[in-house]
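In what follows, every heavy atom counts, from backbone to side chain, and hydrogens, waters and symmetry copies are set aside. So that the names make sense, note that chain A is the first sequence line, chain B the second, and so on, each numbered from 1.
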Amino acid sequence: MSGYDDIPFFDDEDPTLKKAPSPGPKSGHAPTGGIAARAMAARDAHRAPDYLAGLNPEQREAVETLDGPVLVLAGAGTGKTRVLTTRIAHILATGRAFPSQILAVTFTNKAAREMKERIGMLVGGAVEGMPWLGTFHSIGVKLLRRHAELAGLRSDFTILDTDDVVRLIKQIIQAEGLDDKRWPAKQFAGMIDTWKNKGLDPAQIPEGDARAFANGKGRELYAAYQNRLKTLNACDFGDLLLHPIRIFRANPDILREYHQKFRYILVDEYQDTNTAQYMWLRLLAQRSQSSGRASVPAEGRASDSWPGDVSPAPAQASAGRRDTAVSANEKQQINICCVGDDDQSIYGWRGAEVDNILRFEKDFPGAKVIKLERNYRSTAHILGAAGHLIAHNEGRLGKTLFTDRVDPDDGKVVVHAAWDSEEEARAVGEMIETLQRPDRNGRRHNLNDMAILVRASFQMREFEDRFVTLGLNYRVIGGPRFYERLEIRDAMAYFRLVCQPADDLAFERIVNTPKRGLGDTTIRNLHDYARARDIPMFAAAGEIIETDELKPKARKALFDVVTDFKRWQALLETMPHTELAEQILDESGYTAMWQNDKSAEAPGRLENLKELVRSMEQFESLRGFLEHVALVMDAEQNEDLDAVSIMTLHSAKGLEFETVFLPGWEEGLFPHQRALDEGGRAGLEEERRLAYVGITRAKRNCHIWFVSNRRIHGLWQSTVPSRFLDELPEAHVEVAESDQSYGGYGRGGGYGQSRFDKQEPFQNSYSTPGWRRAQQNKTDATRDNWGNRSGHAVERIGYGESGPRARTIEGELVAKSTTTEPSRFAVGDRVFHLKFGNGNVAAVEGNKLTIDFDRAGQKRVLDGFVERV
DNA sequence: AGATTAAAAATTTTT
DNA sequence: TTTTTAATCT
């Protein structure tokens, strides 16, 4: 992308005029018309265009239903992307719209990229002519660049990432004279994000939310933050959606232009849309509703006013606004098609509203709902297990995936038990090694086709450790990203300041990096100077060096910085941007700083900087590159290496693997305690959808693990198998007999027997304190907060026989327990622990014991887990 | 300015 | 318990 100044306002013509469409954005690629022409040629060549061949009837219906609103409920592995891309190809091929008349939104850049590629494959050639295919945010930027002045911004506004936002908020909190330790900027940034996800501006946030932060100053701070953004000519991610919404509401004529422009709207992963995205879509798609429908109120009060706006109302309801020409232009209706899967909605915690998809038919009367249930990915066992599990959710539209595939060799989903996370990792590692070896047919299972999907990232470490010792290749997906690294962010700050001298955040980041003797005092001076005159820091620096406000040393240093930047700014238009970038990094002393750094990371950082400059080559300008980085924060992984993938369940959505390992299926971890505490039943259902996502990633093999002991925050805790295990159907699941010497729950498939066969556990395997306690916990876990940080429930439950107790009283006792309540143990006691065996109590701290174990050495455990011997 | 020490967090993440 | 970040001290 070359930037934003070369986008013609409306770069297309009405196809009915039979004019050749104008070329797309300047580039050396084929004109946009080429795609449509080729697609049409493809259509004419065969009676049924070959891009439709191979679609099943439902998919085909989803592709060919071009008029009116369509909701495609696409289950996991049912060809969702195929439908989306084929539908676009079909629209183009039938001449229904020009590429630039199709708005197609995704959530991630990856999805957008994939769609572009696949449309290109269908239609032939690169899809340069689809300027409106992209993420919500990238399309938001595009809209906002065009109409920036209506949001009080200039069109060259900066996009701040999370890090910038937090630093900015910290400044604001300090400026308000608040203690930034007591009121962490990060937390407030999160709150703002939540509000923006709901489409709320400072005046609209709930009173309770406003009071919750900084002694009731929440609303003020939010407003101050927005003001600051405006003076900085900057936007955060939320604004990229909210500003266009405000602009559309305040300027019906502009909105109308987009109504005329976008004939077809397609939305990917609709179940993940948040309220703001929903508002945005509704504004753009409102013509797709029957012409008599009321338009959206211009000044929606809050998100909850929105859902109320669904009942049909006469067209006159929108009188007073200027977008009443709906019925006059029936032919130009906008056809929205949303594709999603309510069972895969796993982002509720960041504002996604499952309700958006559940409510689709109400929002868009006359909508056609098409279910895709034929699965092309997994075995019948995997689908059976996943389907039975997800059926425990209440709030769903209801789909059942099926497959025609019958293969007696297909294995069931396997549930394994292990003592602790270390053995879990060892067992998984061993299984991977076994799979990797050639089988009797001489085929080996590639590591690339295996994945370990964890609930929380702290689970990853144990696998990594194990794989390092095994010498097994692995790759972690979704760790810290390239553009979030310190050196990259520093370098970017230099580039930003060169392109946008008003970028104070960038200025402050690098004025004294590398060290130039511009310490706190100088910066504060400069800051005051800038504030007093209401000018950017860089401009202030330029002025202050003319005065004698600063000490000579600081003045000289600042003078050097300013002249450097002025020189680079002058070179911006003439010098090739990669060269300029290199020059900036060299002349600023930034490269030298790392060359002189003898720490272990320094060489890697220099390498990253080189990589950064290299990656700029594919952009036309420094500015274009900056825009890319702001929105596209991902770096590619090395695909050549054969390696096991380790990632969270969240980042696994949309992926598939031959074999999937799902460790950590224990109450408290999965479902996660916090999801339960904070989300209640809805939280549990979301966790269950996560489990569903996990299982449905597997094409052939799915192995689930649970352990009986896990260390959480340094304390060993006994754990209970996840309730989700109970929700798996016996017919599609088998319990691993025993993993050799491991298996806390004993040989003979303790888990399976006790859970599936409802038999009494074997006396010898299950009479241990851990098991008895686990059973106790199990009953409690279903209705109470079990095993959280206070060790509360554990303490309360203790041993099964610790007697009757009043919960509240116990709770109070426990609250003070670290100091007041005498422990049942004393230093020197001989104790037994399920995992570590026998040992002597070395120290007692409330309910936490430090024990010298005979075999395992010194460990800290909760006293509920040991027994006096 | 750099090193040491103390304190805080440890669910999930995109843009 | 561990890891990371911030603040304070030298």
Side-chain angles (χ1 to χ4, degrees), chain A residues 105-112 134-141 159-166 170 180-182 184-187 190 193 196-197 235-242 269 272-274 276-277 345-352 453-462 477-481 483-484 486 512-520 597 599 627-634 647-654 664 668-679 683 686-687 689-691 693-694 710-717 788-789 848 850 858-861:
Chain A
V105 275
T106 64
F107 275 84
T108 63
N109 292 296
K110 197 179 157 207
T135 62
F136 276 101
H137 296 268
S138 66
I139 289 170
V141 177
I159 302 162
L160 303 185
D161 62 33
T162 327
D163 203 74
D164 294 322
V165 167
V166 170
K170 190 166 184 180
D180 64 306
K181 281 188 89 174
R182 189 162 157 189
K186 224 177 142 187
Q187 191 191 332
D193 193 54
K196 290 195 171 180
N197 284 158
C235 260
D236 62 17
F237 287 123
D239 286 342
L240 298 180
L241 284 166
L242 290 188
E269 305 277 21
D272 287 338
T273 48
N274 61 36
Q277 286 156 342
S345 162
I346 54 175
Y347 287 110
W349 50 274
R350 69 176 195 212
L453 312 181
V454 297
R455 173 66 246 263
S457 42
F458 75 81
Q459 291 173 264
M460 291 179 181
R461 227 188 83 182
E462 230 134 359
I477 314 266
R481 280 180 292 270
Y483 290 110
E484 280 168 14
L486 179 88
N512 202 29
T513 312
K515 301 277 186 287
R516 302 184 171 95
L518 294 165
D520 275 355
D597 188 312
S599 69
E627 175 114 351
H628 164 85
V629 172
L631 291 172
V632 186
M633 300 271 274
D634 51 355
M647 68 188 95
T648 63
L649 286 161
H650 283 91
S651 39
K653 194 171 79 162
L669 176 59
F670 192 35
H672 199 279
Q673 192 57 47
R674 237 170 112 176
L676 261 33
D677 292 346
E678 288 164 19
E686 184 155 312
E687 295 287 292
R689 291 193 291 265
L690 252 191
V693 167
R710 193 174 287 279
R711 199 173 52 177
I712 296 166
H713 310 325
L715 282 173
W716 283 96
Q717 308 223 354
N788 54 17
R789 43 197 87 212
K848 291 171 197 145
T850 305
Q858 196 174 72
K859 302 276 175 192
R860 302 225 315 154
V861 297

I need the single residue from A/L242, A/D161, A/N197, A/V141 that forms a side chain to side chain contact (heavy atoms under 4.5 Å, CB included) with A/F237. Which is it? A/D161
Would you say the base of B/dT11 stacks on A/F458 (centre-to-centre below 5.5 Å, plane angle below 30°)? no
Taking only residues two or more places apart in sequence, or in another chain, which ones meet A/D163 in a side-chain hydrogen bond (donor to acceptor under 3.5 Å, both in side chains)? A/R489
Whole angstroms only, please: what is the CD-C1' distance between A/Q187 and B/dA8? 13 Å
Write down the distance between CD1 (A/I346) and C1' (B/dT12), rounded to a whole number of angstrom. 8 Å
Hey, which of these two, A/T135 or A/R455, hits DNA chain B nearer its 5' end, going by closest nucleotide? A/R455
Whole-Å distance, A/L676 CG to B/dT11 P, equals 14 Å
Between B/dT12 and C/dT5, how far apart are the C1' atoms? Round to whole Å, please. 22 Å
Check whether any side-chain heavy atom of A/T648 sits under 4.5 Å from a side-chain heavy atom of A/M460, and report yes or no. yes
Take the protein atom CG of A/L453 and the nucleotide atom C1' of B/dT11, then report the distance between them rounded to whole Å. 15 Å
Atom CG in A/L631, atom CD1 in A/I159: separation rounded to 0.5 Å? 4.5 Å
Who passes side-chain contact (heavy atoms from CB on, under 4.5 Å) against A/D239, sequence neighbours left out? A/K196, A/Q226, A/L229, A/C235, A/D236, A/H243
Quick one: which of B/dT13, B/dT11, B/dT15 gets closest to the side chain of A/N109? B/dT15
Atom NZ of A/K515 to atom P of B/dA1: distance rounded to whole Å? 7 Å
Given A/D272, which partner from the list A/K653, A/R689, A/R350 fulfils the salt bridge (charged side-chain N to carboxylate O under 4.0 Å, His left out) test? A/K653
In whole Å, what is the span from the CD atom of A/E462 to the P atom of C/dT1? 16 Å
Is a side-chain donor or acceptor of A/Q277 paired with a backbone partner of A/N274 at a separation under 3.5 angstrom? yes
To the nearest Å, give me how far apart CG (A/L631) and P (B/dT15) are. 9 Å
Which residues satisfy the side-chain hydrogen bond (donor to acceptor under 3.5 Å, both in side chains) test with A/R710, sequence neighbours excluded? A/E424, A/E666
Whole-Å distance between C/dT1 P and A/L715 CG? 8 Å
Which of these nucleotides, B/dT15, B/dG2, B/dT11, is closest to any side-chain atom of A/S457? B/dT11
Atom pairs under 3.5 Å: protein N/O with N/O of nucleotides 2-7 of chain C:
{"unit_1": "C/dT3", "atom_1": "OP1", "unit_2": "A/R461", "atom_2": "NH1", "d": "3.0"}

Dot-bracket for DNA chain B, please, read 5' to 3', with Watson-Crick or G-U wobble pairs under 3.5 Å on both distances, ( ) within the strand, [ ] crossing, | other strand, . unpaired. ||||||||||.....
Assign each of A/N512 and A/A675 to its nearest nucleotide of DNA chain B by heavy atoms, then name whichever residue's nucleotide is nearer the 5' end. A/N512
Could you tell me which residues satisfy ring pair (Phe, Tyr, Trp, His ring centres under 6.0 Å) with A/W716, sequence neighbours excluded, listed by chain and number? A/F836
What class does the angle between the rings of A/W349 and A/H650 fall in, given that below 30° is parallel, 30 to 60° is tilted and above 60° is perpendicular? perpendicular
Nearest-angstrom distance, C1' atom, C/dT3 to B/dT14: 25 Å
Is_stacked (A/H672, B/dT11) at 5.5 Å, 30 deg: yes
